[in-house]
Amino acid sequence: MSANTRDSFTSKFGVIAAAAGSAVGLGNIWKFPYEAGQNGGGAFLVIYFFFIITIGLPIMISEFVIGRKTNANAVRAFKKMSPRTPWYFTGVMGVAASFMILSFYGVVAGWTLEYIYMSVTNAFKGQSPEDLSNVFNAFLANPVRPVMWQVLFMILTGIVVIGGIKNGIEKLTKILMPVLLLIIVVMGIRSITLGANVNEAGEVIGHSFDGLKFLFKPDFSKVDINVVLDALGQAFFSLSLGMGTIITYGSYVRKNNNLNKTAVEVAFLDTLIAVLAGVAIFPAVFYFGVAPSEGPGLVFTILPGIFQKMVGGYIWTLAFFTLLAVAALTSSISLLEVAVAYFVEELKMKRVKATIITGSIITVLGVACSLSNNVLKEFTIFGRNIFNSMEFVSSNVLLPLGGMLIAIFVGWFVKRSDFYAELSNENTFKLKFFNAFYAIIKFVAPVAIAIVFLYSVGLLK
Ligand code: TRP
């Protein structure tokens, strides 16, 4: 297949927009705050930063390079770079991970659609934090409604993916990012300035500043191996790494794009938005006197509460949940694209057919995830329901494992000079930190991931 027959991003901004669109999503605004909340706040944040810089960024650069060099989907990319070896299995694992991730991702994205609907009908008005928590739990307990929204969301994802790279993905993100950033900053300011919450009896229920302390003052006494594993998984999840999304997107990037810069910019923006989401949420969590460790429902109960306290709350709520749904969409299309690119190019399927088949399988898996919050609640695997199992196995196992394989592949099986040439656009510019980068990819990243794994399964103590 010649490179010309494949779609590509039209501009430099298009690449950043699409990759950032993939990275920024529910991972930043839904998953990061609840993971940080469950894992003690500040210490989790520090470990998370550490993994983003030392592991996430180098692996993102590696994925970009593999994708652009081979101009192929996640599986073919490995076959091209290392013919007649089992390395392509890394790509196969990635395709499997994309099915798993998108199954629960579509469910949570469906929740955002319900929240758009509730924003439109002004359903949050006058609700106390307990009311809001009850609203969320009642919604989750309903077997039908979340599924309905999830299916709708998956259909939307399928439509954009059928539209192809240029038309679908690029446009959507260009408008989204700046506006989303703005709203989160405004929310953060409101959240911090909530101050002390005193009830009628004069008792202090909570103070917003405690939320900032929680997020930024690390307490390492709370850290155990599970916190470290969650931070590692979250770094991979949030940056869309370890399963070929960035390989696939890299394959649509033009040869004159500076992949280093793109990766740094994407990682920076992604981390910024996660931290800002934390700044918006935790002060309000403490102000309302809610437990930060509440879990996946955290943002859905807290955020409408912040908007209640804002002038023009109706508009803010509506704008926020709409943008959150769009951010989820630009991420979900990147997940589906991995599977579709594979089905189209390896199994020689038409794009429409590939999208319908993969989308349908994922939707069915997603229905099981959704039902595990109500009728299938009792059904557990190693103590986790279906939803949590999908989330745990994909982000905490498959992604770091995929990342480790990618690092080993690049560090030990790709010729250093080949890699350098691709990353420097055939030596059109100098790579200042290449030695450090190479040492990380070759030694630090694989060893660090292996150690976290061995600890978390108890083989290392
Ligand atoms: N990074 C996205 C988010 O934060 C989710 C996502 C998109 C993803 N593509 C991925 C996660 C690939 C892991 C792998 O919402």
Side-chain angles (χ1 to χ4, degrees), residues 25-27 29-31 33-34 37-38 99-158 281 285 288 290-291 293-308 314 317-318 320-329 331-332 359-381 383-392 394:
L26 296 169
I29 292 162
W30 161 73
K31 199 162 157 41
Y34 103 68
Q38 283 185 331
F99 277 75
M100 290 180 79
I101 295 177
L102 191 48
S103 69
F104 73 83
Y105 204 87
V107 173
V108 182
W111 300 349
T112 68
L113 297 183
E114 167 80 6
Y115 272 63
I116 294 177
Y117 174 79
M118 287 202 274
S119 307
V120 172
T121 58
N122 212 359
F124 306 121
K125 198 174 162 60
Q127 306 260 17
S128 69
E130 300 84 72
D131 296 336
L132 291 170
S133 167
N134 292 337
V135 166
F136 178 76
N137 291 331
F139 168 62
L140 230 60
N142 184 325
V144 182
R145 253 184 113 80
V147 167
M148 182 185 94
W149 291 118
Q150 178 232 345
V151 172
L152 177 63
F153 182 84
M154 288 304 301
I155 292 172
L156 290 174
T157 304
I281 286 159
V285 166
F288 291 132
V290 174
S293 56
E294 207 187 21
L298 189 67
V299 292
F300 289 93
T301 54
I302 295 299
L303 292 179
I306 305 178
F307 295 126
Q308 298 285 308
Y314 180 86
T317 319
L318 182 59
F320 174 79
F321 282 111
T322 307
L323 284 170
L324 184 56
V326 178
L329 187 63
S331 299
S332 66
S360 303
I361 298 171
I362 293 167
T363 305
V364 171
L365 289 172
V367 170
C369 288
S370 189
L371 294 181
S372 74
N373 290 317
N374 39 69
V375 289
L376 296 180
K377 212 178 199 129
E378 304 305 321
F379 182 79
T380 57
I381 309 153
R384 292 188 177 85
N385 68 15
I386 303 173
F387 185 108
N388 296 334
S389 302
M390 288 285 192
E391 196 184 342
F392 180 83
S394 57

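- Judged by distance alone, the side chain of Y117 and the main-chain N or O of T112 form no donor-acceptor pair under 3.5 Å.
- Not a single donor-acceptor pair under 3.5 Å links the side chain of Q150 to the backbone N or O of A109.
- The minimum heavy-atom distance between T322 and I116, with the atom names listed, is CA-CD1, 3.7 Å.
- Between atom CG of residue L102 and atom SG of residue C369 there is a gap of 10.0 Å, rounded to the nearest 0.5 Å.
- Residues meeting the salt bridge (Lys or Arg N to Asp or Glu O under 4.0 Å) test with E294, sequence neighbours left out: none.
- For Y34, the ring pair (Phe, Tyr, Trp, His ring centres under 6.0 Å) criterion is met by W30, not counting sequence neighbours.
- Here the shortest heavy-atom pairing between L376 and A368 reads CD1-O, 4.1 Å.
- Partners of N388 under the side chain to side chain contact (heavy atoms under 4.5 Å, CB included) rule, at least two apart in sequence or in another chain, are R384, N385, E391.
- Residues P304 and V299 share a closest heavy-atom pair of CD-O, 3.8 Å.
- By the side chain to side chain contact (heavy atoms under 4.5 Å, CB included) test, Q127 pairs with D131, L132, V135, sequence neighbours left out.
- Between L113 and A325 the shortest heavy-atom distance is CD2-CB, 4.0 Å.
- Side-chain contact between L371 and P143: present, with at least one pair of heavy atoms (C-beta onward) separated by less than 4.5 Å.
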- Task: Start with the C-alpha distance between L365 and F104, add both sets of side-chain angles, then the distance that settles side-chain contact (heavy atoms from CB on, under 4.5 Å), and finish with yes or no.
- Result: CA-CA 8 Å; L365 289 172; F104 73 83; over 6 Å; no
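- Rounded to the nearest 0.5 angstrom, T301 OG1 and N137 CG are separated by 8.0 Å.
- Proximity of a side-chain donor or acceptor of S372 to a complementary backbone N or O of F387 within less than 3.5 Å is detected.
- Listed by first and then second residue, the ring-ring contact (aromatic ring centres under 6.0 Å, His included) pairs involving residues 118-137 are W111-F136, Y115-F124, F136-F300 (not counting sequence neighbours).
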- Query: Would I281 and L303 satisfy side-chain contact (heavy atoms from CB on, under 4.5 Å), going step by step from the backbone distance to the final call?
  - Reply: CA-CA 7 Å; I281 286 159; L303 292 179; 3.7 Å; yes
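- Once rounded to the nearest 0.5 Å, the distance linking CZ of F99 with CD1 of I361 reads 5.0 Å.
- Between F153 and L329, the closest side-chain pair of non-hydrogen atoms falls below 4.5 Å.
- In this structure, N374 and N142 approach most closely via the heavy-atom pair ND2-O, 3.3 Å.
- Judged purely by atom type and a 3.5 angstrom limit, T363 uses its side chain to pair as donor or acceptor with the backbone of G359.
- In plain terms, the two heavy atoms of V120 and Y314 that are nearest each other are O-OH, 2.6 Å.
- Listed by chain and number, the residues in a side chain to side chain contact (heavy atoms under 4.5 Å, CB included) with S331 are Y105 (sequence neighbours excluded).
- Ring geometry for F321 against F307 counts as perpendicular: the plane angle is over 60°, on a 0 to 90° scale with 30° as the lower cut.
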